[in-house]
Amino acid sequence: MNNYSIADLAKPYTEYDMIRDHTELPELPNFRSQLLYTFLHKGSSSVQQSELYAVVVSLAQMGLDTHDMVSETNDRKEKKEARSRQLKVLAGDYFSSRFYELLAQAGQVEMTRHMAAAICEVNRLKMNLYMRIRGWKMTADEYMQHVVSIKMQLYLSFSRALEWMKPNSWHDMLLGYTSCEVLLDELRRIERGDDLRSGWAFWHLLQVGTKEEKKQLRQGEADTGKLRALLHKYNVRATLFQMLDAQFQQLTDKIRQFDSEKLVSELYQIGDPFVRALNASRALEEV
């Protein structure tokens with residue numbers, strides 16, 4: 001199964017015109033879900049549940065990610081904005097309810113417990129991150145570590161089913177792919193030019209900027225144009241590509257340790273978007 005078939009299997013639970021027409025939803029977590037499916041499908045004790053687990057963890061993650069998109073305040077009075085906010089809340093609840101339903105129908109009581117515990121841990125980690133952000137007690141590296149850890153939690157629920165993995169552990173492989181995923185997301189955030197007052201780049205600027213620049217960033221005085229100028233001044237995009245390149249090289253070393261050529265090929269295929277992003281960056285440098 002590939003990314004598209006995971007999306008196809010999840011489509012009956014994620015494609016509703018009422019939701020899609022009136023609010024924005026997060027993307028399906030393809031990297032992590034495909035990685036999970038690939039390893040579950042290789043294990044003799046987990047192959048039968050590989051598709052089910054890939055779908056339910058995708059729905060659970062979408063539920064959490066959808067709720068993350070809900071604005072902190074409800075002070076916007078426009079009918080369209082109010083409807084969008086309400087639908088995000090309802091959609092997140094809906095995705096969460098469907099993953100519970102699918103596990104219950106399959107009699108997966110133990111896995112339901114594991115995932116429920118993981119969701120609690122995700123919420124705890126998010127609260128810790130939120131408090132550190134509010135207190136300005138964060139470095140760029142710490143921000144990255146927190147985000148990667150949060151994205152990994154649901155998928156770590158399946159560690160017991162993947163204990164057979166050698167020479168690398170499920171945790172190590174998940175960490176490698178999720179780290180690359182977060183770095184790619186940060187690059188795309190810069191390219192879109194939206195939400196520049198959060199993310200790794202913002203915290204990096206708070207470390208490398210001048211005293212006056214840091215003051216402007218903290219007080220919210222830097223508009224989008226100023227933020228873009230700072231990103232260019234400190235070569236943030238190139239730094240992120242260097243980090244992605246280094247992280248992917250570490251991941252490649254781990255992938256090569258597996259004996260199965262078929263497994264290695266599938267793992268490289270999952271990481272293909274990282275390769276394409278890095279190749280595009282190198283091509284631009286040569287122009």
Side-chain angles (χ1 to χ4, degrees), residues 1-7 26-39 58 61 65 139-152 155 165 167-196 198-205 207-208 227-258 260-287:
M1 185 170 69
N2 54 38
N3 288 346
Y4 299 102
S5 55
I6 289 177
E27 295 181 358
L28 202 72
N30 279 327
F31 288 115
R32 284 160 283 153
S33 294
Q34 178 62 27
L35 186 69
L36 176 67
Y37 171 82
T38 298
F39 283 118
S58 296
Q61 187 66 62
D65 293 344
T139 65
D141 286 345
E142 288 170 345
Y143 174 85
M144 184 70 68
Q145 292 167 9
H146 275 77
V147 173
V148 169
S149 180
I150 288 169
K151 286 182 176 291
M152 288 175 60
Y155 293 82
M165 285 179 58
N168 304 302
S169 70
W170 169 236
H171 179 279
D172 290 343
M173 294 303 296
L174 180 62
L175 176 61
Y177 276 91
T178 307
S179 297
C180 288
E181 176 188 355
V182 171
L183 287 167
L184 188 58
D185 286 345
E186 292 294 330
L187 282 162
R188 288 171 175 169
R189 184 201 298 265
I190 292 176
E191 290 169 1
R192 290 193 308 267
D194 60 355
D195 199 20
L196 293 178
S198 61
W200 181 90
F202 181 83
W203 293 98
H204 179 67
L205 291 175
Q207 288 179 244
V208 300
L227 285 169
R228 284 187 174 280
L230 290 174
L231 292 174
H232 178 73
K233 175 182 178 180
Y234 292 106
N235 217 10
V236 173
R237 187 172 179 272
T239 301
L240 279 168
F241 270 116
Q242 291 170 5
M243 292 169 64
L244 177 59
D245 189 25
Q247 187 62 56
F248 187 69
Q249 288 302 320
Q250 293 178 26
L251 180 59
T252 298
D253 291 340
K254 287 184 170 62
I255 291 174
R256 289 172 178 163
Q257 294 177 23
F258 289 104
S260 169
E261 292 185 7
K262 185 174 185 296
L263 175 59
V264 169
S265 176
E266 291 175 0
L267 293 175
Y268 276 132
Q269 184 177 359
I270 296 171
D272 185 62
F274 308 138
V275 176
R276 284 189 276 111
L278 289 168
N279 287 341
S281 175
R282 296 186 185 105
L284 286 174
E285 291 175 357
E286 295 172 358
V287 173

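- For the pair Gln61 (side chain) and Pro29 (backbone), a donor-acceptor distance under 3.5 Å is absent.
- You'll find the side chain of Trp170 reaches within 4.5 Å of the side chain of Leu36, heavy atoms only.
- Not a single salt bridge (charged side-chain N to carboxylate O under 4.0 Å, His left out) links Arg228 to another residue, sequence neighbours left out.
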Which pairs of donor and acceptor atoms, one on a side chain in residues 144-151, lie under 3.5 Å apart (sequence neighbours left out)?
unit_1	atom_1	unit_2	atom_2	d
His146	ND1	Glu142	O	2.8
Ser149	OG	Gln153	NE2	3.4

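- Residue pairs meeting the salt bridge (charged side-chain N to carboxylate O under 4.0 Å, His left out) criterion with at least one member in residues 173-185, sequence neighbours excluded: Arg32-Glu181.
- In the model, Gln257 has no side-chain atom that pairs as donor or acceptor with a side-chain atom of Asp253 under 3.5 Å.
- Scanning for ring-ring contact (aromatic ring centres under 6.0 Å, His included) contacts around Phe202 gives an empty result, with sequence neighbours left out.
- For Phe258, the ring-ring contact (aromatic ring centres under 6.0 Å, His included) test picks out Phe39, with sequence neighbours left out.
- Classification of the Phe274-Phe31 ring pair by plane angle, with boundaries at 30° and 60°, yields parallel.
- Looking at residues two or more places apart in sequence or on another chain, you find no side-chain contact (heavy atoms from CB on, under 4.5 Å) involving Glu27.
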Ile190/Trp200 under side chain to side chain contact (heavy atoms under 4.5 Å, CB included): CA gap, chis, key distance, verdict
CA-CA 10 Å; Ile190 292 176; Trp200 181 90; over 6 Å; no
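- Residues Tyr268 and Thr252 are in side-chain contact: their nearest non-hydrogen atoms beyond the backbone lie under 4.5 Å apart.
- Ser58 is linked by a side-chain hydrogen bond (donor to acceptor under 3.5 Å, both in side chains) to Ser33, counting only residues two or more places apart in sequence or in another chain.
- Taking the side chain as every heavy atom from C-beta outward, Tyr37 and Glu266 never approach each other to under 4.5 Å.
- Taking all atoms of both residues into account, the shortest heavy-atom contact from Ile255 to Tyr177 is CD1-OH, 3.3 Å.
- For Ser260, the side-chain contact (heavy atoms from CB on, under 4.5 Å) partners two or more places apart in sequence, or in a different chain, are Lys262, Leu263.
- At distances below 3.5 Å, not a single donor-acceptor pair connects side-chain atoms of Asn168 with backbone N or O atoms of Met173.
- Side-chain contact between Ser169 and Asp172 is present, with heavy atoms from C-beta onward closer than 4.5 Å.
- Annotation: side-chain hydrogen bond (donor to acceptor under 3.5 Å, both in side chains) contacts of Arg276 (sequence neighbours excluded): Asp272.
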Check residues 230-245 and write down every donor-acceptor pair under 3.5 Å in which the side-chain atom is one partner and the other belongs to a residue at least two apart or another chain.
unit_1	atom_1	unit_2	atom_2	d
Lys233	NZ	Glu213	OE2	2.7
Tyr234	OH	Glu213	OE1	2.6
Thr239	OG1	Asn235	O	3.0
Asp245	OD1	Arg282	NH2	3.1

